[in-house]
Amino acid sequence: MARIDLNTRLLNHYEQQLWLEEKSASTVEKYLRDVRSFGCWLGGQEITKERVIAYKQELLKRGYALRSVNSMLASVNHFLCFCNLSGCRVRLCRVQREIYQPLERELTKAEYLRLLQAANGDRRLWLLLQTICATGIRVSELQYFTVNAVRTGEINVACKNKNRKILLPDKLRKLLLAFAQERRLSGIIFCTKTGKPMNRSNIWSAMKRLCARANVNPGKVFPHNLRKLFARTFYSMQKDIAKLADLLGHSNINTTRIYIMTTGVEHRRQLDRLHLLAQCTT
């Protein structure tokens with residue numbers, strides 16, 4: 001058993017360990033956020049298996065999706081191993097594979113276009129939305145969009161111990177270069193006033209502010225949903241899941257399958273097209 005004290009150097013040591021394991025910056029940020037949340041809930045009490053199980057139950061009571069609960073528990077389990085408390089780890093929740101996406105979570109192309117219209121007064125945000133949606137990149141990969149890289153039309157991304165190239169549509173390349181020239185940028189295009197890359201929090205907040213004007217459910221508006229819209233749109237045209245996996249940077253094609261799930265409405269339409277039901281004759 002042990003105690004978590006957020007005022008000690010423990011989390012700093014843990015962060016160093018995450019970097020040594022070559023976790024991406026977004027992964028390090030997420031692990032630390034999840035562990036801090038666990039520490040706040042624990043309130044200085046000793047860590048026991050019973051308390052970690054109680055934390056798992058608390059997350060479920062809060063109404064998080066099972067995948068989200070599992071993601072948070074995975075962070076906590078990793079931290080417990082770091083603290084030599086592997087015996088306190090808990091099992092993740094069993095998740096049945098879904099065959100369609102809830103309608104209330106899917107961002108449609110029409111809604112995306114309304115978001116663009118609402119962002120028209122903020123040119124940087126307007127371009128940022130299009131950059132993610134037209135290329136399918138992760139939000140953490142925006143930092144690689146430098147003026148020099150965009151000028152070549154090819155972005156080299158080093159993320160999650162993998163290197164891949166992102167080809168830019170010519171129209172997007174021209175828009176980004178015009179923006180860079182207008183703002184007199186020479187390095188990273190999507191940056192703050194201090195020159196640092198915009199982070200997930202900056203972007204998430206900016207996108208949420210568009211929801212009311214665009215008349216789009218805020219629950220649909222977050223950067224990852226733009227990536228999913230790219231995936232569904234590409235697959236509907238090309239029907240090539242292997243090529244899509246390459247474009248998204250997925251090493252496992254089963255991950256790509258999650259991105260192209262249709263809604264229950266579309267799933268019912270597909271079932272109706274089978275024409276396997278007869279009309280009642282009596």
Side-chain angles (χ1 to χ4, degrees), residues 18-19 21-33 71 107 112 115-116 119 122-180 183 185-192 194-208 210 221-235 238 241-253 255-260:
L18 292 172
W19 289 117
E21 292 177 10
E22 299 185 68
K23 304 289 187 188
S24 68
S26 58
T27 299
V28 172
E29 180 186 346
K30 182 198 178 304
Y31 274 39
L32 291 173
R33 182 173 64 248
S71 177
L107 182 70
Y112 161 66
L115 288 171
L116 284 183
D122 184 340
R123 189 165 178 77
R124 183 181 65 175
L125 181 57
W126 181 76
L127 276 173
L128 187 150
L129 297 177
Q130 293 184 83
T131 299
I132 297 176
C133 202
T135 60
I137 62 167
R138 300 176 179 91
V139 70
S140 61
E141 294 170 338
L142 280 170
Q143 62 184 302
Y144 297 98
F145 279 68
T146 63
V147 174
N148 287 337
V150 170
R151 192 172 284 128
T152 67
E154 191 175 277
I155 311 296
N156 291 303
V157 172
C159 186
K160 296 189 175 181
N161 300 319
K162 294 183 291 186
N163 292 288
R164 68 189 186 97
K165 293 182 179 180
I166 299 168
L167 298 180
L168 300 184
D170 194 52
K171 183 177 180 180
L172 177 62
R173 185 180 68 85
K174 291 177 180 177
L175 285 170
L176 291 173
L177 289 177
F179 175 75
R183 298 291 180 92
L185 300 172
S186 58
I188 297 171
I189 291 179
F190 297 106
C191 58
T192 63
T194 60
K196 295 182 179 179
M198 293 180 68
N199 60 33
R200 193 181 308 271
S201 178
N202 301 145
I203 296 167
W204 187 89
S205 298
M207 288 181 66
K208 292 295 183 183
L210 299 175
V221 181
F222 47 93
H224 202 64
N225 249 5
L226 296 175
R227 181 165 152 87
K228 286 187 174 181
L229 177 56
F230 166 85
R232 292 197 311 274
T233 305
F234 179 90
Y235 186 73
Q238 301 296 326
I241 195 169
K243 177 66 174 177
L244 178 58
D246 289 339
L247 291 174
L248 294 174
H250 289 160
S251 55
N252 188 336
I253 206 167
T255 303
T256 313
R257 293 182 192 279
I258 297 172
Y259 281 61
I260 59 176

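Just so you know, these numbers use all the heavy atoms, side chains as well, and skip hydrogens, waters and symmetry mates.
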Novice: Indicate yes or no: at least one non-hydrogen side-chain atom of Tyr144 is less than 4.5 angstrom from one of Asn156.
Specialist: no
Novice: For Thr146, give me all partners under side chain to side chain donor-acceptor pair (under 3.5 Å), at least two apart in sequence or on another chain.
Specialist: none
Novice: What distance separates Gln238 CD from Thr233 OG1, expressed to the nearest 0.5 Å?
Specialist: 11.5 Å
Novice: To the nearest 0.5 angstrom, please state how far the CG atom of Asp122 sits from the CG atom of Leu210.
Specialist: 8.0 Å
Novice: Measuring from atom OG of Ser201 to atom CZ of Arg33, what distance do you get when rounded to the nearest 0.5 angstrom?
Specialist: 9.0 Å
Novice: Could you state the interatomic distance from CG (Leu129) to CG (Leu229), rounded to the nearest 0.5 Å?
Specialist: 11.0 Å
Novice: Output, in order, the C-alpha distance, side-chain angles, deciding distance and verdict of side-chain contact (heavy atoms from CB on, under 4.5 Å) for Arg257 and Asn252.
Specialist: CA-CA 9 Å; Arg257 293 182 192 279; Asn252 188 336; over 6 Å; no
Novice: Going by salt bridge (Lys or Arg N to Asp or Glu O under 4.0 Å), name the residues that satisfy it together with Lys165, two or more places apart in sequence or in a different chain.
Specialist: Glu154
Novice: With a 4.5 Å heavy-atom cut-off, do Tyr259 and His224 have their side chains touching?
Specialist: yes
Novice: My understanding is that only residues two or more places apart in sequence, or in another chain, count here; which of them pass side chain to side chain contact (heavy atoms under 4.5 Å, CB included) with Pro197?
Specialist: Gln143, Ile188
Novice: Under the side-chain contact (heavy atoms from CB on, under 4.5 Å) test against Phe190, which residue among Leu176, Ile132, Val139, Ile203 passes?
Specialist: Leu176
Novice: If you round to the nearest 0.5 Å, how far is CZ of Phe145 from CG of Leu142?
Specialist: 6.5 Å
Novice: Determine whether a donor-acceptor pair (N or O, by modelled atom type, separation under 3.5 Å) exists between the side chain of Arg124 and the backbone of Phe179.
Specialist: no
Novice: With sequence neighbours left out, what residues match Lys196 under side chain to side chain contact (heavy atoms under 4.5 Å, CB included)?
Specialist: Thr192, Thr194
Novice: Which pair of heavy atoms, one from Ser140 and one from Arg200, lies closest together, and at what distance?
Specialist: CB-NH2, 4.4 Å
Novice: Taking the side chain as everything from C-beta on, heavy atoms only, tell me whether Thr135 gets closer than 4.5 Å to Phe230.
Specialist: no
Novice: Backbone N or O of Phe222 within a donor-acceptor pair of the Asn225 side chain at under 3.5 Å?
Specialist: no
Novice: Is any side-chain N of the basic residue among Lys243 and Asp246 closer than 4.0 Å to the acidic one's carboxylate O?
Specialist: no
Novice: For Thr27 and Leu18, run side-chain contact (heavy atoms from CB on, under 4.5 Å): C-alpha distance rounded to whole Å, both residues' side-chain angles, the deciding distance at 0.1 Å, then the answer.
Specialist: CA-CA 9 Å; Thr27 299; Leu18 292 172; over 6 Å; no
Novice: Suppose we screen for side chain to side chain contact (heavy atoms under 4.5 Å, CB included). Which residues come up paired with Arg164, at least two apart in sequence or across chains?
Specialist: Arg138, Glu141, Val157, Ile166, Arg227
Novice: Rounded to the nearest 0.5 Å, how far does CG of Leu107 lie from NZ of Lys228?
Specialist: 11.0 Å
Novice: When you compare the side chains of Thr256 and His250, does any donor N or O come within less than 3.5 Å of an acceptor on the partner?
Specialist: yes
Novice: Between Leu185 and Cys191, is any pair of side-chain heavy atoms under 4.5 Å apart?
Specialist: yes
Novice: Mind checking what makes side chain to side chain contact (heavy atoms under 4.5 Å, CB included) contact with Arg151, not counting sequence neighbours?
Specialist: Val147, Asn148, Leu177
